[in-house]
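A short write-up of the structure that comes next.
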Amino acid sequence: MESKENTLWRSLGMDLERHDAFLSPLPKVYEEIFLSQPNRPKGMAYFDTVMSGVHSLRVEELVAHKQQGGFVVGTYCVYVPDELILAMGGIPVGLCAGAHFSVPAAEAVLPQTLCPLIKSTFGFYLERICPYMQACDLIVGETTCDGKKKAWEIMADGLPLYVMELPQKKGPKDEELWQSEVWGLLDEIRARFHAQMPSVQSLQDAIHKVNRKRSALKELYALRQNDPAPISGKDSLLVSQLAFFDDPERFASQVEALNEELKARVGRGEGVAPKGSPRLLIAGTPMPLPDWKLHHILETSGGVAVAEETCTGTRYLEASAEGDAKTREALIESIADRFLGVHCACFSPNPERIEDIIRLAKSQKADGVIYATLPFCQTYQLEFPGVQKALREAGIPLLSIESDFSDEDAGQLSTRVQAFLEMIGK
Ligand code: BJ8
């Protein structure tokens, strides 16, 4: 008899054979990277469970939501407003992929000289191995980098894709444009799902839900300022990666519980690495599931990652909408204006991102910064000289790394990371 999971995946039109090939190595990899860590916080058990059922438990919830008349919206960028989707009765899920497995399939269609995040995601689409993508009733792309926006054009052939125009600057005209784009998404959701106009109450509730999740993550990051670090960078990265999938309220309460445990650890002076271990800020492109390579290399070389200035890190959690406004228009304006506080390299000029990196390096008491970009991500690579200059002036050591999702360069990366840790001299 077919397993419950296979029935679920088959009902979503997935390619079960390819999906099995993709998923089967994961438990061993997870054991090696996460479960083998000494002195892990007990609160990570919840996130281990979420991960062990990442393609089943949460997906069952999404399917149940759809069966009750709800809808699921996939997103690829932290600017797309989860708050609005939730307020209108949808469940938002992040669809960016960080797996090398699906890259070869994508390269049969797309140029090889393209960002691996786009290729991995595109490969998920071609191979039908992502139950989240398969469960989506609407997928929202955005005009951030050229690679993404042209990939949407191809994916629109087989997926219910809608594209938001993200401005490239942050002046008054751009603010107006993004406001109208957020209203455009609202209209699209109304038309597609016969959804009601979101009420003031539903918008306030959705903002509070998302803000609670972001606050819990912010507190987690603040706890990582302690030496010894009470949680590994790997575990913290995993938590923020799962923020894109899990139920926001359940997720927030689990992160809050984890934070309580970490506070007690800090009080006892207990950590995951000896006090005085080299502390690194990671800055650069997003690290979507299951991209754990750099953190694993760093933390098995004696360092500890104390924050991520990425979209699977601070760019996801730092800016928030205001949930106290009293009219629908003001609440939607506040949801849209959140973009002003998020500093992706696709904006120009973008000095705030350099300020963020310096501020984070100081607040997290980092001994150095690893600037990590995906190959062919021009926007982040072109911001490197400015970041390098600012870090030099601030006297903060810097290592620049360009790496994709494959393990091919693991040996070379590990040599470079170890040399950097030695250079930091801790
Ligand atoms: S807000 S980082 S999620 S666009 S896909 S820009 S890595 S070449 S993901 Fe992004 Fe939104 Fe910005 Fe964040 Fe580069 Fe690749 Fe483009 Fe990328």
Side-chain angles (χ1 to χ4, degrees), residues 74-82 92-100 102-103 106-107 110-125 139-155 161 163-170 174 178 181-182 185 214 217 237 240-241 243-245 282-289 291 293-294 308-319 336 338-350 352-354 356-357 371-384 387 400-405:
T75 65
Y76 291 104
C77 180
V78 296
Y79 288 110
V80 175
D82 284 357
V93 285
L95 295 180
C96 286
H100 183 68
S102 53
V103 168
E107 285 180 343
L110 303 176
Q112 290 189 358
T113 50
L114 185 69
C115 163
L117 188 150
I118 302 172
K119 287 190 284 193
S120 178
T121 304
F122 194 87
F124 273 19
Y125 156 63
I139 295 186
V140 183
E142 75 309 314
T143 56
T144 42
C145 63
D146 289 351
K148 269 182 161 183
K149 66 190 175 207
K150 299 315 279 184
W152 309 145
E153 291 175 16
I154 309 176
M155 286 163 74
L161 216 109
V163 178
M164 296 179 80
E165 183 178 350
L166 188 79
Q168 312 274 286
K169 295 176 134 202
K170 290 184 179 163
D174 309 295
W178 189 238
E181 286 298 302
V182 171
L185 176 62
R214 291 203 166 106
L217 287 169
L237 173 65
S240 20
Q241 288 170 330
F244 291 85
F245 300 94
I282 313 291
T285 44
M287 295 172 171
L289 271 180
D291 179 18
K293 180 169 65 176
L294 178 59
E308 292 75 30
E309 183 277 326
T310 65
C311 286
T312 38
T314 54
R315 284 199 293 278
Y316 176 71
L317 56 96
E318 280 194 331
R338 187 181 155 266
F339 95 103
L340 295 167
V342 181
H343 309 305
C344 172
C346 59
F347 282 84
S348 174
N350 192 31
E352 298 91 344
R353 181 162 170 254
I354 297 181
D356 284 349
I357 294 173
Y371 195 86
T373 56
L374 290 163
F376 311 109
C377 178
Q378 292 175 334
T379 53
Y380 281 85
Q381 288 172 356
L382 284 163
E383 285 200 348
F384 177 71
V387 172
S400 167
I401 273 174
E402 183 187 308
S403 178
D404 62 12
F405 302 136

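Numbering of ligands and ligand atoms starts at 1, following listing order. Count residues from 1 along the sequence. Everything numeric in this text was worked out from a predicted model, so none of it was measured.
The OG1 atom of Thr285 sits 7.5 Å away from atom OH of Tyr380, with the distance rounded to the nearest 0.5 Å. To the nearest 0.5 Å, atoms CD1 (Ile118) and CE (Met155) are separated by 10.0 Å.
Between Val182 and Met164, the closest side-chain pair of non-hydrogen atoms falls below 4.5 Å.
The main-chain N or O of Met287 is found under 3.5 Å from a side-chain atom of Gln241 such that the two form a donor-acceptor pair. Of the possible polar contacts, none joining the Asp174 side chain to the Gln168 backbone as a donor-acceptor pair under 3.5 Å is found.
When the side-chain hydrogen bond (donor to acceptor under 3.5 Å, both in side chains) test is applied to Glu107, the partners found at least two apart in sequence or on another chain are Lys119. Tyr76 pairs by the side-chain hydrogen bond (donor to acceptor under 3.5 Å, both in side chains) definition with nothing, not counting sequence neighbours. The side-chain hydrogen bond (donor to acceptor under 3.5 Å, both in side chains) test applied to Asp146 returns Lys149, not counting sequence neighbours.
Below 4.0 Å from some heavy atom of Cys311 lie the following atoms of ligand 1, by number and element: 1 (S), 2 (S), 3 (S), 13 (Fe). Atoms of ligand 1 lying under 4.0 Å from at least one heavy atom of Cys344, given by number and element, are 1 (S), 2 (S), 4 (S), 12 (Fe). Close approach of ligand 1 to Tyr76 (heavy-atom distance below 4.0 Å) involves ligand atoms 3 (S). Against a heavy-atom cut-off of under 4.0 Å, Tyr380 is close to the following atoms of ligand 1: 2 (S), 12 (Fe). Within ligand 1, the atoms closer than 4.0 Å to a non-hydrogen atom of Tyr79 are 1 (S), numbered from 1 in the order shown.
Atom 17 (Fe) of ligand 1 lies below 4.0 Å from none of the non-hydrogen atoms of the protein.
Ranking the protein heavy atoms by distance from atom 11 (Fe) of ligand 1 puts Cys77 SG, 2.4 Å first.
Between Phe339 and Phe347, the angle of the ring planes lies from 30° to 60°, which puts this pair in the tilted group.
With waters left out, the protein N, O or S atoms under 2.8 Å from atom 16 (Fe) of ligand 1 add up to 1.
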